[in-house]
**Student:** 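My structure is below; once you've seen it, I'll send some questions.
Side-chain atoms are counted along with the backbone in the values below, which use heavy atoms only and exclude waters and symmetry mates.
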Amino acid sequence: MSNALSGVASIFVAGWFLAPADIGRAGIAIGLVMLLGLATGLGIQESLIRHRSVHASVTDTAFTGLMVLGVAGVALCWLIAAPVGWLFDDPTLFLLLGVTGLLLLLNAAMAVPTALLTRKMRANVLTRRMMLSRISQVVVIGVLGWLGAGAWAMVGGVLISNALSAGVLWRAMPRVPRLRFDWGEFRSLASFGGSMSIEQLLWQGTTRIFALQVGYFHGAVALGYFQFAQRLVEEVGNLIQGNIVRFGLSFFADLDRNDRDANRAFLTATSLLTVAGGVVFIGLALVADDLIPLVFGRQWLPAAPLIQIFAATWFFLLSRALAGPLLRAKGHQNVIVPYALVACVITLASGFITAEQTLFVVGLGWSARNLVSLPWSYLMVSRYARIPVRAQLRSIVRPLAPMVAMTAAVLLTRYLLADAPAVLRLVTAVLAGVVTAAITVPLFNWRMITGLRETVGRMRVGGTGA
């Protein structure tokens, strides 16, 4: 929760102190570096976590190989910096991209310590590292932004927060990795890690490339609006899903191992996520055009329609957030990768198709992959988890009724107060929505609330049965 809150805070700070063009330029530089990071990481960190043995030779080889690849990545960033500046018609990207490339070295330095601490389940160190990284990033962006550093505030926040994280991780290491290399060991790690990280590469790579498409076809200012809206909605979403999705795999796997009803838990949790997502995301979409200029200033008003699109998208995605963990728990990871590939193709194709369209249409193009994800998730859960599509739909239909009532209340309030000051209209609309949801959610979903209480009660008494 603290990480999610600090993530929201970083977006607020960026919106207050930076211009859309600043966020767009930083997004281009960071996006390109992160793409190179996906290529140079080779899934080594994930491979170390799952490797049978991590003796000194293995960790030293992984560390040495990643540092060499990191240095090569930094050199490549400087080589492509000038062409990138020319391609995006922005000379400031030359120095920005070259310096941001240092992030590759920092990520390489953190990979082995992170993997070893994760293997040993040193959650306290990893949590401390994450909190320090998030908080320091917010502080650096705020200070540098206030000083007028522009895009350098975003880059500085990322670099400094990662440098501090690396320091925390290395202090926790009982043994410092050394520079020695065994080609056989490295090839084994890379092949194993690469095969496991295909889905991750597809998802993260798609996001980065689409952002670069927006920056190239529509400019840094448009990319700034796009990334601001995207990050704001995503960080709010993390406040809801957080540990629910993160620990979903282990929870469902534990239920299956102990012959408990994982399917019933899935349906109940889906209903709960639909309710929570509806209140937050539908509410955000309904009031975004008043909320954004009041909180962040009128310069961010063009981002409001994008926030509405992304919020509506997140509402539907959140209702299917547990489909992946359930399928993995039942041993069907393989069916997720083809979907990720199809979604990647659709997303990148939409980036080209919307090249000459408005930013609103670009937002719709980004959301187009969900035309595949929603029906796919219903069909895969029906086939492999043996939960009929009808039962899955029932789990979200009843939670939708309060959302319809809330939408009607908010729209009526906004209509009646159309000529009122924006602050009064916003506050009144939010209160109307919250009160309506508080009344209608228990009215339409009492069975879900009762089932949730029973599940929580069983977990308090004896856990899931492990």
**Student:** Check for a donor-acceptor pair, side chain of Thr407 on one end and backbone N or O of Met403 on the other, with a separation under 3.5 Å.
**Tutor:**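 It does hold such a pair.
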**Student:** Just one of Leu103, Asn107, Val155, Val99 clears the side-chain contact (heavy atoms from CB on, under 4.5 Å) bar with Val33, so which one?
**Tutor:**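 Passing option: Leu103.
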**Student:** With sequence neighbours left out, what residues match Val71 under side-chain contact (heavy atoms from CB on, under 4.5 Å)?
**Tutor:**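 Only Leu105 meet the side-chain contact (heavy atoms from CB on, under 4.5 Å) criterion with Val71.
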**Student:** With side chains defined as the heavy atoms from C-beta onward, is the minimum distance between Phe315 and Leu400 less than 4.5 Å?
**Tutor:**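 Yes; the side chains approach each other to less than 4.5 Å.
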**Student:** So do the side chains of Trp152 and Leu95 get within less than 4.5 Å of each other, counting heavy atoms only?
**Tutor:**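 They are in contact (side-chain heavy atoms under 4.5 Å apart), so the answer is yes.
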**Student:** Do Tyr216 and Phe352 have their ring centres less than 6.0 Å from each other?
**Tutor:**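 Aromatic pair excluded; centres sit 6.0 Å or further apart.
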**Student:** Report the residues that fulfil side-chain contact (heavy atoms from CB on, under 4.5 Å) with Ala405, sequence neighbours left out, ordered by chain and then residue number.
**Tutor:**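 Scan of Ala405 (side-chain contact (heavy atoms from CB on, under 4.5 Å), adjacent residues dropped) gives Thr436, Thr440.
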**Student:** Does the plane of the ring in Trp314 sit parallel, tilted or perpendicular to the ring in Phe281? Use 30° and 60° as the thresholds.
**Tutor:**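 Taking Phe281 first and then Trp314, their aromatic rings sit tilted (interplane angle of 30° to 60°).
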**Student:** So if I apply the side-chain contact (heavy atoms from CB on, under 4.5 Å) rule between Trp366 and each of Val214, Thr207, Ile309, Leu306, which one comes out positive?
**Tutor:**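 Of Val214, Thr207, Ile309, Leu306, side-chain contact (heavy atoms from CB on, under 4.5 Å) with Trp366 is met by Thr207 alone.
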**Student:** Is there a side-chain contact (heavy atoms from CB on, under 4.5 Å) between Leu232 and Phe12 once you walk through the steps?
**Tutor:** CA-CA 8 Å; Leu232 178 63; Phe12 273 72; 4.2 Å; yes
**Student:** Report yes if some heavy atom in the side chain of Val158 is under 4.5 Å from a heavy atom in the side chain of Thr100; otherwise report no.
**Tutor:**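 They are not in contact (no side-chain heavy atoms under 4.5 Å apart), so the answer is no.
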**Student:** Please step through side-chain contact (heavy atoms from CB on, under 4.5 Å) for the pair Asp290 and Arg414, ending with a clear verdict.
**Tutor:** CA-CA 10 Å; Asp290 278 337; Arg414 288 171 56 81; 2.8 Å; yes
**Student:** Indicate the atoms forming the closest heavy-atom contact of Cys77 with Leu104, along with that distance.
**Tutor:**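 That would be SG-CD1, 4.1 Å.
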**Student:** What pairs with Ser350 under side-chain contact (heavy atoms from CB on, under 4.5 Å), at least two apart in sequence or on another chain?
**Tutor:**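 In terms of side-chain contact (heavy atoms from CB on, under 4.5 Å), with neighbours along the sequence ignored, Ser350 is linked to Phe210.
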**Student:** Does atom CZ (Phe217) have a neighbourhood of more than 12 heavy atoms from anything else shown, all under 6.0 Å?
**Tutor:**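 Yes, CZ of Phe217 has more than 12 neighbouring heavy atoms, counting only those of other groups under 6.0 Å.
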**Student:** First locate atom CG of Leu426, then atom OG1 of Thr413, and finally report the distance between them rounded to the nearest 0.5 Å.
**Tutor:**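 If we round to the nearest 0.5 Å, Leu426:CG and Thr413:OG1 are 11.5 Å apart.
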**Student:** Would you indicate whether Trp86, at its atom CH2, is surrounded by more than 12 heavy atoms from other residues, nucleotides or ligands within a distance under 6.0 Å?
**Tutor:**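 No.
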**Student:** Looking only at heavy atoms, what is the nearest atom pair of Gln227 and Gly27, with distance?
**Tutor:**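 Looks like OE1-CA, 3.2 Å.
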**Student:** Does the side chain of Met34 come within less than 4.5 Å of Ile30's, by heavy atoms?
**Tutor:**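 The answer is yes, as the side chains (C-beta and beyond) meet within the 4.5 Å cut-off.
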**Student:** Taking the side chain from Arg208 and the backbone from Leu32, do they hold a donor-acceptor pair closer than 3.5 Å?
**Tutor:**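 Not at all, since once roles are kept as given, no pair shorter than 3.5 Å links the two residues.
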**Student:** State, to 0.1 Å, how close Val279 and Ala437 come at their nearest heavy-atom pair, and which atoms those are.
**Tutor:**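 Val279 and Ala437 have their closest heavy atoms at CG2-CB, 4.1 Å.
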**Student:** Carefully, step by step, assess Ile141 and Met154 under the rule side-chain contact (heavy atoms from CB on, under 4.5 Å).
**Tutor:** CA-CA 6 Å; Ile141 291 174; Met154 296 287 292; 4.0 Å; yes
**Student:** Between Trp16 and Val295 (side chain of the first, backbone of the second, donor and acceptor by atom type, cut-off under 3.5 Å), is there such a pair?
**Tutor:**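 Such a contact is found between Trp16 side chain and Val295 backbone.
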**Student:** Mind listing the closest non-hydrogen atom pair of Leu97 and Ala81 along with its distance?
**Tutor:**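 It is CD2-CA, 3.7 Å.
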**Student:** To the closest 0.5 Å, what do you measure between CD (Gln308) and CZ (Phe360)?
**Tutor:**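 Answer for the CD-CZ pair, Gln308 versus Phe360, is 8.0 Å.
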**Student:** Return yes if some donor-acceptor pair links the side-chain N/O of Gln137 with the main-chain N/O of Ser161 below 3.5 Å, else return no.
**Tutor:**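 Looks like no, no N/O pair under 3.5 Å.
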**Student:** For Leu164 and Ser136, work out which heavy atoms get closest and say how close.
**Tutor:**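 That closest heavy-atom pairing would be CD1-CB, 3.6 Å.
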**Student:** Between the side chain of Asp22 and the main-chain N/O of Ala19, is any donor-acceptor distance below 3.5 Å?
**Tutor:**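 Judged by distance alone, yes, a pair lies under 3.5 Å.
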**Student:** With no hydrogens and no angle check, is any side-chain donor or acceptor of Gln392 less than 3.5 Å from a backbone partner on Ile387?
**Tutor:**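 Indeed, once roles are kept as given, a pair shorter than 3.5 Å links the two residues.
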